[in-house]
Amino acid sequence: MEGEVSDLVTFGDIPAAIDGTFYRVMCDPFVPPDPNNVPLDGDGNVSAFRILNGHVDMKIKYIETERYKLERSANKALFGLYRNPFTHHPCVRSAVDSTANTNLVYWANRLLALKESALPYEIDPDTLETLRYDPFGSQIKAKTFTAHPKIDPYTSELVVFGYEAKGLATKDIVIYSLDKDGKKHDEQWIESPWCAFIHDCVITPNWIVLVLWPFEAKLERLKAGKHHWAWNYDLPATFIAVPRRKSTQLPAGWKQGEYRVYSWKNCMTIHTGGAWEGKDGMVYFESSRVHDNAFPFFPPEDGKMPAPDAKADFVRWEIDLNQPSGSTVSDPQVILDVPSEFPRIDERFMTGDHEFVLLNVFIPDRSDGGKNIFHGLNGLAMHSHKSNQTRWFYAGDDSLVQEPIFIPRTSSAPEGDGWVICMVEQRAANGCHLVIIDTKEFEKPIAIVQLPLHVKAQVHGNWVDASLLSRKASLVRTITKPVISNQGALMPLV
Ligand SMILES: [Fe+2]
């Protein structure tokens with residue numbers, strides 16, 4: 001589906017102060033995929049919701065990656081398994097193998113469509129047209145760029161890493177930052193203890209901690225036409241702590257250029273929340289945790305499936321940088337003892353002390369959504385570290401809730417003061433709607449925006465305030481004079 005719809009039907013009132021665009025990306029294969037492929041590998045399809053003067057316009061468009069164009073032209077799948085070129089049609093093996101389907105991040109006046117297996121695609125924030133591959137050019141030799149770069153709001157840097165950065169199944173990791181003009185700084189290369197799945201990271205003012213999942217890639221297995229990743233129950237969840245800069249003040253005993261590897265037990269720390277530095281070489285960060293393999297489509301080589309009732313929660317890790325590389329970290333503190341995913345914070349406070357975390361959760365005393373992470377999440381939580389209070393939003397029967405995105409009330413509003421926007425899917429009704437919640441009354445939405453069609457689940461999304469866009473993204477509302485809308489009111493001029 002591609003298209004645009006103006007002035008979506010809205011129940012409730014959207015505050016006029018909300019002025020910007022919610023960009024989200026879905027995994028949406030344009031042609032029927034290889035039947036053995038995994039659900040992570042569909043083409044990236046962007047949905048953008050421009051909110052202005054209480055009205056919402058919507059646009060949906062595929063990211064025209066090289067892969068999408070080749071397969072659309074052939075009208076069939078040419079790429080085989082996820083990140084396995086040995087399973088691709090020989091005529092596409094030199095093409096960029098990216099679906100750009102994981103995240104959309106606005107940085108250096110560019111809207112980046114990201115997939116961790118390759119470099120970014122840049123798309124137009126207004127028309128959603130695909131502009132180019134690798135918008136930061138030859139500054140970086142790496143072949144990959146994480147889908148979860150982190151913005152340091154205090155230094156105006158986008159902190160980036162890439163793994164398998166020198167090619168398929170390599171252990172090379174690149175780390176650098178991009179300033180607000182897109183210029184590269186502080187490039188460094190390190191080596192992973194094994195070729196691990198490194199989906200997310202955290203940053204503090206001085207450190208980046210990479211979060212490794214216990215999957216392993218092996219070239220021999222790829223050549224045999226099998227999956228890129230195999231879970232390994234013998235590998236621990238692992239964290240690599242790296243100073244962000246040469247000027248980082250190192251704890252006693254650290255040498256210049258050193259990085260340290262810490263680990264816990266076998267588990268999957270899927271996504272990270274906030275991180276901060278404590279006294280005397282302590283770094284704290286939070287993540288979701290599944291006590292098993294949350295991606296059963298990448299089983300271990302012996303085919304063992306994860307426990308159907310695998311426990312999941314949201315935890316705080318403590319890394320003591322005074323400990324030598326190879327140390328085991330202590331058991332994390334459980335912050336929320338419910339299945340939790342997609343933690344997000346008020347990102348104006350990224351790297352520093354912060355009070356709130358927003359989470360997509362399964363509320364266990366509600367009947368819908370299933371009983372564990374494999375069956376979907378039915379609500380949101382907003383947790384205060386200060387008061388230890390958790391507020392819940394339950395979306396109603398037969399409703400699955402997607403990643404919560406925070407919108408500050410103003411650029412200088414106190415932390416957590418603003419709105420949360422998220423997509424809610426009602427499977428039985430085959431419908432979707434956007435929900436907007438005021439954090440002052442988290443339990444009840446202030447507006448529900450009805451989509452005219454069912455859209456696929458979001459992988460990730462972000463809010464981009466209108467003031468940040470180099471030209472005001474208007475999406476479909478490009479009218480130049482007032483017209484009567486379908487709700488009988490004058491539509492605002494843009
Ligand atoms: Fe992610």
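As the structure lists them, so they are numbered: ligands from 1, and atoms in each ligand from 1.
Aromatic ring centres of His228 and Phe298: separated by at least 6.0 Å.
Between His271 and Pro343, the shortest heavy-atom contact is O-CG, 3.6 Å.
Protein N/O/S atoms nearer than 2.8 Å to the Fe ion (ligand 1) total 4.
For Trp213, the ring pair (Phe, Tyr, Trp, His ring centres under 6.0 Å) partners at least two apart in sequence or on another chain are Phe197, His199, Phe295.
Between His291 and Trp264, the angle of the ring planes goes over 60°, which puts this pair in the perpendicular group of the 30/60° scheme.
Each of Phe314, Phe239, Trp276, Tyr262 was checked for a ring pair (Phe, Tyr, Trp, His ring centres under 6.0 Å) with Phe285, and the lone residue meeting it is Phe239.
Summarising the geometry, atom NE2 belonging to His88 is positioned 8.0 Å from atom CG belonging to Leu81; distances are rounded to the nearest 0.5 Å.
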